[in-house]
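Take a look at the structure set out below.
Order of the sequence lines sets the chain letters (A, B, ...), proteins ahead of strands, with each chain counted from 1.
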There are 2 protein chains.
Amino acid sequence: MIKKSSKQRDAIIQSVKNRRDHPTADEIYAQLRESYPNISLGTVYRNLAKLSEAGFITRISCIEGADRFDGDTSSHYHFQCITCRKICDIDMDVDTNLNAKVEKLLDAHVDDHMAMFFGTCCKCKGLAKI
Amino acid sequence: MIKKSSKQRDAIIQSVKNRRDHPTADEIYAQLRESYPNISLGTVYRNLAKLSEAGFITRISCIEGADRFDGDTSSHYHFQCITCRKICDIDMDVDTNLNAKVEKLLDAHVDDHMAMFFGTCCKCKGLAKI
DNA sequence: ATTAAATTAGTAACAATTATTATTATTGAG
DNA sequence: CTCAATAATAATAATTGTTACTAATTTAAT
């Protein structure tokens, strides 16, 4: 799929890998424009799609708004605050046994699973008290 | 939020509740047009949003394409085939202990969590063999 | 029945994403 | 190293999924 290298794609990989905030395509675009003032938003979208398809990064689909991307491809769960909409990683073991369990239940082949926890983050919880 | 009834909304609830295939707004629209030839797509979207906000149905966000809706609001996990993109329910206990665990880890308030398993369904697995 | 408010159909607007096209950059063969 | 082949790009147009708007209709409480 990916056949030649490019500075833009390298910068996109770097950006996603370095950030911890699960950015959207637009946020990555905004960041990269500082170093590459005429990078195209289409290039960002195209490369995020290629990179996630190739397994270099992970795409996270959100109920509201744009998809987000995670440079950490190791299996882990996420939490999303329903107030500020931010996503953060959860430092908790992933139950890989579930994959085999689901395989049996559905007679399917299971590659992986993802989990998203919903609630109110510590910051927004605090604000609510005021 | 919802203050008055309407035939259209009742039909939308019925459709989502009766179907087992986690339809998109467009699919529900297509179905309802058979009985309500001039129902508006906007009405379908607006009511799906209201109904899921009110907890009558559940919205499922997918990595590719449109959101899907589930008439079964009981907590359960989903499986999505990466080939045919269909979503099906998994008849497996939901680990509700995880919510409390995440609350402690993040000092957050956790309402719920969802899980999506990815792989190849039995049908598509079969087809691959041919 | 009257009336006020909610809901609708239809359409326009919008945001996120993908496709197109002409141009530029990368790479591998000679 | 040069240069053609072709992958990747910037810019822009088009598409898709969704929401907002408005005038007309329907609902429910007098």
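Side-chain atoms of A:Arg9 come within 3.5 Å of backbone atoms of A:Lys4 as a donor-acceptor pair (strictly under, hydrogens ignored). Here the side chain of B:Lys125 pairs a donor or acceptor atom with the backbone of A:Asp107 at under 3.5 angstrom.
Distance, B:Met1 CE to C:dT7 C1': 12 Å, rounded to whole Å. The distance between atom CZ of B:Arg68 and atom P of D:dT18, rounded to the nearest whole Å, is 10 Å. Rounded to whole Å, atom C1' of D:dT15 lies 15 Å from atom CG of B:Leu41. In this structure, A:Tyr36 atom OH and D:dA11 atom C1' are separated by 19 Å, rounded to whole Å. Regarding B:Ile2, its CD1 atom lies at a distance of 15 Å from the P atom of D:dT27, rounded to whole Å. In this structure, B:Asp10 atom CG and D:dT26 atom C1' are separated by 13 Å, rounded to whole Å. Distance, B:Leu48 CG to D:dG17 C1': 13 Å, rounded to whole Å. Going from atom CD1 of B:Ile12 over to atom P of C:dT8 covers 7 Å, rounded to whole Å.
Each of A:Ile39 and B:Asp67 was assigned the nucleotide of DNA chain D with the nearest heavy atom; the assignment lying further toward the 5' end belongs to A:Ile39.
Of the candidates A:Glu34, A:Lys7, A:Gln8, A:Ile39 forms a side chain to side chain contact (heavy atoms under 4.5 Å, CB included) with just one, namely A:Gln8.
When heavy atoms are screened at a 4.0 angstrom cut-off, A:Asn47 is found touching the sugar-phosphate backbone but no base atom. Base contact: B:Lys4 has a heavy atom under 4.0 Å from a base atom. Among the atoms of the strands shown, none is found under 4.0 Å from any heavy atom of B:Thr24. Note on B:Arg46: a base of the nucleic acid sits closer than 4.0 angstrom, heavy atoms only.
At C:dT8, one or more side-chain N or O atoms of B:Ser6 fall inside 4.0 Å of OP1 or OP2 (strictly under the cut-off). Side-chain nitrogen and oxygen atoms of A:Lys50 include at least one within less than 4.0 Å of the OP1 or OP2 phosphate oxygen of D:dA8. Taking side-chain N and O atoms only, A:Tyr45 has no distance below 4.0 Å to OP1 or OP2 of C:dT18. Checking the phosphate oxygens (OP1, OP2) of D:dA10, a side-chain nitrogen or oxygen of A:Gln8 falls inside 4.0 Å. A close approach under 4.0 Å does not occur between any side-chain nitrogen or oxygen of A:Ser40 and OP1 or OP2 of D:dT9. Under 4.0 angstrom from either OP1 or OP2 of C:dT26 there lies no side-chain N or O belonging to A:Ser5.
Side-chain contact check for B:Thr24 and B:Asp26: no donor-acceptor pair (N or O, by modelled atom type) lies under 3.5 Å.
Judged as a side-chain hydrogen bond (donor to acceptor under 3.5 Å, both in side chains), the pairs with a partner in residues 91-103 of chain A (not counting sequence neighbours) are, in order, A:Asn99-A:His113, A:Glu103-A:His109.
Checked against D:dA10, D:dT18, C:dA16, the side chain of A:Thr43 finds its nearest nucleotide in D:dA10. Which of D:dA10, C:dT8, D:dA8 sits closest to the side chain of B:Arg9 comes down to C:dT8.
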Item to complete: Check the pair A:Arg68 / A:Glu27 against salt bridge (charged side-chain N to carboxylate O under 4.0 Å, His left out), numbers first and verdict last.
Response: CA-CA 9 Å; A:Arg68 295 180 170 275; A:Glu27 287 165 355; 3.6 Å; yes
